[in-house]
Amino acid sequence: MYFLMRCLHHSGMDAKRDTHRAEHRDWVKSGGNGLAEVLIGSALADQDGAPIGNFGILRAADMASARGFAEGDPFAKAGIVETIEITPLPDTFQAHRITDPMTVAD
């Protein structure tokens with residue numbers, strides 16, 4: 001199943017985000033130790049370009065795995081994330097158009 005993950009961060013977290021960025025990237029590369037595959041993702045910014053969160057398109061077995069991936073992210077564990085939204089994508093989602101997944105395949 002495919003999911004849209006949207007994580008909004010508490011304001012004023014730039015320094016804390018910088019501290020945990022390497023761990024966050026490792027988490028994404030590992031798919032949360034196998035909980036999900038991250039097909040694509042990026043930071044989210046407000047209209048002035050200030051960071052406000054991150055998003056990803058995930059492939060996971062179920063909603064619980066997708067949520068586990070989001071909640072296990074070092075950004076979430078460090079208290080940077082304020083809200084997590086996980087939305088199932090329809091069966092018509094064309095994942096094959098994403099050619100370079102962010103999670104390293106085994």
Side-chain angles (χ1 to χ4, degrees):
M1 296 180 68
Y2 296 97
F3 300 90
L4 170 64
M5 174 193 73
R6 186 169 178 255
C7 301
L8 296 179
H9 298 177
H10 293 282
S11 62
M13 291 286 160
D14 293 350
K16 200 168 190 180
R17 200 173 12 253
D18 289 345
T19 299
H20 295 281
R21 184 166 284 114
E23 294 170 82
H24 163 76
R25 288 181 176 162
D26 287 345
W27 182 256
V28 169
K29 286 179 188 174
S30 78
N33 296 321
L35 286 170
E37 180 183 3
V38 181
L39 301 182
I40 193 76
S42 186
L44 294 171
D46 66 14
Q47 62 190 13
D48 297 321
I52 60 166
N54 60 285
F55 83 94
I57 301 292
L58 311 178
R59 179 170 35 203
D62 51 34
M63 177 71 81
S65 296
R67 181 158 292 282
F69 171 81
E71 291 175 352
D73 186 315
F75 281 174
K77 288 185 162 190
I80 295 166
V81 176
E82 182 174 15
T83 61
I84 296 171
E85 298 173 4
I86 306 290
T87 306
L89 296 174
D91 292 340
T92 56
F93 177 69
Q94 297 182 17
H96 65 279
R97 291 183 164 196
I98 301 171
T99 59
D100 190 15
M102 297 177 78
T103 295
V104 178
D106 291 337

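- E23 pairs by the side chain to side chain contact (heavy atoms under 4.5 Å, CB included) definition with H20, P74, not counting sequence neighbours.
- Here the CD atom belonging to E85 is positioned 6.0 Å from the OG1 atom belonging to T87, to the nearest 0.5 angstrom.
- We find the SG-CD distance between C7 and E82 to be 11.5 Å, quoted to the nearest 0.5 Å.
- Closest approach of F55 and L4 over heavy atoms only: CD1-CD1, 4.3 Å.
- With rounding to the nearest 0.5 angstrom, the CE atom of M13 is 11.0 Å from the OG1 atom of T19.
- With sequence neighbours excluded, no residue forms a side chain to side chain donor-acceptor pair (under 3.5 Å) with R25.
- Side-chain atoms of M1 and L89, non-hydrogen and from C-beta on, never get closer than 4.5 Å to each other.
- Across D14 and R17, no two heavy atoms sit closer than the pair OD1-NH2, 2.5 Å.
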Do N54 and H24 pass the side-chain contact (heavy atoms from CB on, under 4.5 Å) test, and can you show the C-alpha distance, the side-chain angles, and the key distance before you say yes or no?
-> CA-CA 11 Å; N54 60 285; H24 163 76; 4.1 Å; yes
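- Among residues two or more places apart in sequence or in another chain, the ring pair (Phe, Tyr, Trp, His ring centres under 6.0 Å) test is passed with H9 by F75.
- With hydrophobic clusters built from ILVMFWY side chains whose heavy atoms lie under 4.5 angstrom apart, I80 does not share a cluster with I52.
- Judged purely by atom type and a 3.5 angstrom limit, D48 has no side-chain atom pairing as donor or acceptor with the backbone of A50.
- Counting only distance, with no hydrogens or angles, the side chain of W27 and the backbone of F69 share a donor-acceptor pair below 3.5 Å.
- K77 contributes no side-chain N or O that, together with a main-chain N or O of E71, makes up a donor-acceptor pair within less than 3.5 Å.
- Of the candidates E37, M5, M102, R67, M5 is the only one forming a side-chain contact (heavy atoms from CB on, under 4.5 Å) with L58.
- A distance of 11.5 Å separates CG of L35 from CG of D73, quoted to the nearest 0.5 Å.
- A 4.5 Å side-chain heavy-atom check between K29 and T103 finds every atom pair outside the cut-off.
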Can you list the steps and then say if L8 with V81 is a side-chain contact (heavy atoms from CB on, under 4.5 Å)?
-> CA-CA 6 Å; L8 296 179; V81 176; over 6 Å; no
Yes or no on side-chain contact (heavy atoms from CB on, under 4.5 Å) for M63 and I86, after CA distance, side-chain angles and deciding distance?
-> CA-CA 8 Å; M63 177 71 81; I86 306 290; 3.2 Å; yes
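- Few gaps surround CG on D18; more than 12 heavy atoms of other groups in view lie less than 6.0 Å from it.
- Of all heavy-atom pairs between L39 and A95, the closest is CD1-CB, 3.9 Å.
- Closest approach of A60 to A66, counting heavy atoms only: CB-N, 3.9 Å.
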